[in-house]
Colleague: 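Here it is: the structure, laid out below.
Computed from a prediction, not measured in an experiment: that's the story for all the values here.
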Amino acid sequence: MDTIGKWAAGTSYGPVLSQTDVYLLNADLELHPILANDSGSFQLIFNLSTGQMNGYSPDSRDRDIPFTQKDEPATLPRVEELIVITEVSPWCTIVKNPQGVTLGDVCTTLFKEYSEKMVTEKEFESLPPRQQEQLRRYAQSAASAGNWQYYSPAPAPPSQYRRADWLREKVFFDRLARKDGYAKQRLGYAAPNIFVLQLSTY
C-alpha cells in the first residue's frame, strides 16, 4: 500500500482554518520542520535580500539541494494566514493563501516585503544616529557591489533604503518559532499563527 507523507503538497488534508477559526479554537499549529529548522535531511538556505532559495543536507555537503518542498503546507492544520515578526526589524509580515499557506508562500512574501518595500523616513529617523550611519554605509556598499565597472565613478549613495538593508548582514532565514511573550510585547496579543523569524549571517 502506498503512503502519503504527512507534509506532502495537496489540498486533501482537512479544512484550512481562517483567522477567526484559529483564534476561536486556539488551534495548536504544528510548524513544518523546514521552517522550524528541525529537518535532519534538509536545511533551508534562503536570502531575504536576493531571494535565493535552496537547501543543504549533511548527506550532500558538496552541493546545494533544490528547494522542491515549496508547495508543502507551512503548518498542520493548514491556515489561511500566518503573521511573521522579527526582533531585528519593526515590521509585521502577513502571509496569506486561502488554500492554506505553503513554504513557498512564506519565502516569497518575506522576500517581497524586505526587497521591494522601502524604509520610511520616520522609520529611518527612529534609529539612533550610529545605526542610521551603519544602515547608510551598508546600503551604499550593497548598491556599489552590484554596479562595479571599470573606470566608472562611484555610484551616488541611495536616497531610499530597502527593508533588507535594515537587516544589514543578517539576511539569511534561520527558523520560525513561537514566542508568545515577545508577540504580546510587540503586538499586544499572542496567537497560534504568530511566529518570530530568526535570522543569521550565513
Side-chain angles (χ1 to χ4, degrees), residues 2-49 51-55 65-117 163-164 167 170-200:
D2 291 336
T3 59
I4 297 175
K6 178 178 181 177
W7 295 100
T11 57
S12 305
Y13 295 99
V16 177
L17 302 181
S18 70
Q19 187 79 339
T20 305
D21 295 335
V22 170
Y23 293 166
L24 288 177
L25 298 171
N26 195 24
D28 185 22
L29 302 181
E30 183 180 355
L31 191 62
H32 193 293
I34 288 176
L35 294 178
N37 202 358
D38 284 341
S39 173
S41 60
F42 184 91
Q43 180 181 354
L44 178 62
I45 301 171
F46 167 42
N47 184 319
L48 274 71
S49 181
Q52 176 188 355
M53 288 179 247
N54 51 34
I65 299 171
F67 182 33
T68 57
Q69 302 90 336
K70 291 178 186 173
D71 295 327
E72 294 180 8
T75 63
L76 287 179
R78 294 174 300 143
V79 294
E80 291 181 357
E81 197 170 294
L82 286 183
I83 299 169
V84 180
I85 56 177
T86 179
E87 294 169 304
V88 295
S89 80
W91 303 291
C92 178
T93 302
I94 299 174
V95 185
K96 294 182 179 185
N97 184 339
Q99 282 79 45
V101 173
T102 65
L103 300 180
D105 294 329
V106 171
C107 294
T108 302
T109 305
L110 284 169
F111 170 63
K112 285 183 177 180
E113 288 284 311
Y114 280 88
S115 68
E116 295 176 4
K117 292 194 176 177
R163 288 181 173 183
L167 303 174
K170 280 193 157 191
V171 292
F172 285 94
F173 180 97
D174 182 44
R175 72 186 71 225
L176 292 179
R178 282 276 307 272
K179 290 187 176 181
D180 288 349
Y182 182 70
K184 286 177 185 171
Q185 176 189 339
R186 272 284 298 276
L187 305 174
Y189 69 102
N193 65 334
I194 299 174
F195 292 94
V196 177
L197 169 63
Q198 296 175 2
L199 298 162
S200 68

Colleague: What's the shortest heavy-atom distance between C107 and L44, and which atoms?
Modeller: SG-CD2, 3.9 Å
Colleague: Could you pull out the closest heavy-atom pair between E72 and A8, with the gap in Å?
Modeller: CG-C, 4.4 Å
Colleague: To check you understand the geometry: which heavy-atom pair defines the closest contact between F111 and S49, and what is its length?
Modeller: CE1-O, 3.5 Å
Colleague: What's the shortest heavy-atom distance between L82 and A74, and which atoms?
Modeller: CD1-CB, 3.9 Å
Colleague: Applying side chain to side chain contact (heavy atoms under 4.5 Å, CB included) to T75 and V101, what does each step give before you reach the verdict?
Modeller: CA-CA 8 Å; T75 63; V101 173; over 6 Å; no
Colleague: For D71 and T102, which heavy atoms make the closest approach, and how far apart are they?
Modeller: O-CG2, 3.6 Å
Colleague: If you measure from CD on E80 to CG on L17, what distance do you get to the nearest 0.5 Å?
Modeller: 8.5 Å
Colleague: Only counting residues at least two apart or in another chain, list the ones meeting salt bridge (Lys or Arg N to Asp or Glu O under 4.0 Å) with E113.
Modeller: K117, R163
Colleague: I need the full list of salt bridge (charged side-chain N to carboxylate O under 4.0 Å, His left out) pairs touching residues 28-45, with sequence neighbours left out, sorted by first then second residue.
Modeller: K6-E30
Colleague: Walk me through whether F46 and L110 qualify under side chain to side chain contact (heavy atoms under 4.5 Å, CB included).
Modeller: CA-CA 10 Å; F46 167 42; L110 284 169; 4.2 Å; yes
Colleague: If we check side-chain contact (heavy atoms from CB on, under 4.5 Å) with N47, which of these qualifies: F172, Y114, F173?
Modeller: F172
Colleague: Once salt bridge (charged side-chain N to carboxylate O under 4.0 Å, His left out) is applied, what residue pairs with a partner in residues 176-186 remain, sequence neighbours excluded?
Modeller: E87-K179, R178-D180
Colleague: What's the spacing between Q43 CD and R175 CZ if we round to 0.5 Å?
Modeller: 8.5 Å
Colleague: Can you give me every donor-acceptor pair (side chain of residues 91-98, partner residue at least two apart or in another chain, under 3.5 Å) with its distance?
Modeller:
{"residue": "W91", "atom": "NE1", "partner": "E123", "partner atom": "OE1", "Å": "3.4"}
{"residue": "W91", "atom": "NE1", "partner": "E123", "partner atom": "OE2", "Å": "2.7"}
{"residue": "N97", "atom": "OD1", "partner": "Q99", "partner atom": "N", "Å": "2.9"}
{"residue": "N97", "atom": "ND2", "partner": "G100", "partner atom": "O", "Å": "3.3"}
{"residue": "N97", "atom": "ND2", "partner": "D105", "partner atom": "OD2", "Å": "2.8"}

Colleague: Only counting residues at least two apart or in another chain, list the ones meeting ring pair (Phe, Tyr, Trp, His ring centres under 6.0 Å) with F42.
Modeller: F67
Colleague: Quick check: closest heavy atoms across L199 and K170, and the distance to 0.1 Å?
Modeller: CD1-O, 3.5 Å
Colleague: D174 side chain to S200 main-chain N or O, any donor-acceptor pair under 3.5 Å?
Modeller: no
Colleague: About how many Å separate CG of L176 and NE2 of H32, when rounded to the nearest 0.5 Å?
Modeller: 12.0 Å
Colleague: Taking distance alone, no hydrogens or angles, what donor-acceptor pairs closer than 3.5 Å link side-chain atoms of residues 189-198 to residues at least two apart or in another chain?
Modeller:
{"residue": "N193", "atom": "ND2", "partner": "Q19", "partner atom": "OE1", "Å": "2.6"}
{"residue": "N193", "atom": "ND2", "partner": "E81", "partner atom": "O", "Å": "2.9"}

Colleague: Once you round to the nearest 0.5 Å, how far does CG of N54 lie from OG1 of T68?
Modeller: 11.5 Å
